[in-house]
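Scroll down for the structure; my scribbles are underneath it.
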Amino acid sequence: QVQVVESGGGLVQAGGSLRLSCAASGRTLSSYAMGWFRQAPGKEREFVAAINWSGDGTYYAESVKGRYTISRDNAKNTVYLQMNSLKPEDTAVYYCAVKYYRGSYYSDGKYDYWGQGTQVTVSS
């Protein structure tokens, strides 16, 4: 079993920054991708960003491209999401997930383990 724990959420004013962290532990295997998704009230969960095992492949939703940066530290089994120029529409619960097998980085159905989520609130 793999445990996934997010941290770093909070309240920030529009234009501000936050950095989310996500640590995977337990029976972690090699070569897993990690991704971030978010879900705003009344909306479906949506893809935000993902990164492959080696870190040389990153993927972003159009809505966050240029503002968010995903990175990882495999020695710590941790992935980070640096969020800059935050907007009120970025307000959501952010979820981290681990993906072991082939499949689209953009589809939440391809991820195997999920965290409980961390709230990000951006005030206007």
Side-chain angles (χ1 to χ4, degrees):
Q1 191 72 355
V2 175
Q3 292 78 45
V4 180
V5 179
E6 306 97 336
S7 62
L11 173 65
V12 64
Q13 288 189 333
S17 298
L18 280 176
R19 189 176 84 151
L20 305 182
S21 299
C22 171
S25 62
R27 295 184 64 185
T28 53
L29 302 175
S30 62
S31 303
Y32 56 90
M34 298 185 80
W36 289 96
F37 290 76
R38 67 186 182 187
Q39 187 168 21
K43 295 187 176 181
E44 293 188 353
R45 187 165 57 188
E46 64 176 1
F47 170 80
V48 175
I51 188 167
N52 66 0
W53 167 251
S54 59
D56 61 358
T58 57
Y59 311 85
Y60 295 95
E62 285 298 322
S63 59
V64 307
K65 201 173 289 185
R67 300 188 298 122
Y68 289 15
T69 302
I70 189 170
S71 61
R72 68 187 296 165
D73 182 342
N74 287 343
K76 298 180 179 180
N77 290 327
T78 299
V79 66
Y80 305 97
L81 187 68
Q82 178 66 44
M83 306 185 295
N84 299 328
S85 302
L86 283 162
K87 305 174 182 179
E89 51 264 43
D90 294 319
T91 295
V93 177
Y94 282 68
Y95 296 92
C96 178
V98 170
K99 184 172 82 73
Y100 280 109
Y101 303 106
R102 293 178 180 269
S104 171
Y105 287 94
Y106 302 90
S107 172
D108 59 358
K110 298 300 182 182
Y111 287 77
D112 303 287
Y113 297 96
W114 290 82
Q116 293 298 307
T118 185
Q119 176 71 46
V120 172
T121 303
V122 184
S123 63
S124 57

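Everything quoted here is computed from the prediction, not taken from an experiment.
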Quick check: closest heavy atoms across Val4 and Cys22, and the distance to 0.1 Å?
CG1-SG, 3.3 Å
So which atom in Gln82 and which in Ser17 form the shortest heavy-atom distance, rounded to 0.1 Å?
NE2-CB, 3.9 Å
Give a yes or no answer on whether the side chain of Tyr100 reaches the backbone of Ala33 with a donor-acceptor pair at less than 3.5 Å.
no
Do Val79 and Trp53 share a hydrophobic cluster, counting only Ile, Leu, Val, Met, Phe, Trp and Tyr and linking them when any side-chain heavy atoms are less than 4.5 Å apart?
yes
If you compare all heavy atoms of Trp114 against all heavy atoms of Phe37, which two are closest, and at what distance to 0.1 Å?
CH2-CD1, 3.5 Å
Does Met83 belong to the same Ile/Leu/Val/Met/Phe/Trp/Tyr cluster as Tyr60, with side-chain heavy atoms less than 4.5 Å apart forming each link?
yes
Please answer: with hydrophobic residues joined when any side-chain heavy atoms are less than 4.5 Å apart, are Tyr106 and Tyr68 in the same cluster?
no
What closest approach, in Å, do Gly26 and Gln3 show between heavy atoms, and which atom pair accounts for it?
CA-OE1, 3.5 Å
What's the shortest heavy-atom distance between Ala24 and Val98, and which atoms?
CB-CG2, 4.3 Å
Taking the side chain from Lys99 and the backbone from Tyr101, do they hold a donor-acceptor pair closer than 3.5 Å?
yes
For Gly55 and Asn52 the tightest heavy-atom approach is N-OD1, 2.8 Å
Would you please indicate yes or no on a ring centroid separation below 6.0 angstrom for Tyr95 and Trp36?
no
Between Glu6 (side chain only) and Thr118 (backbone N and O only), is there a donor and an acceptor less than 3.5 Å apart?
no
Out of curiosity, does Tyr94 fall in the hydrophobic cluster containing Tyr80 (side-chain heavy atoms, cut-off under 4.5 Å, transitive links)?
no
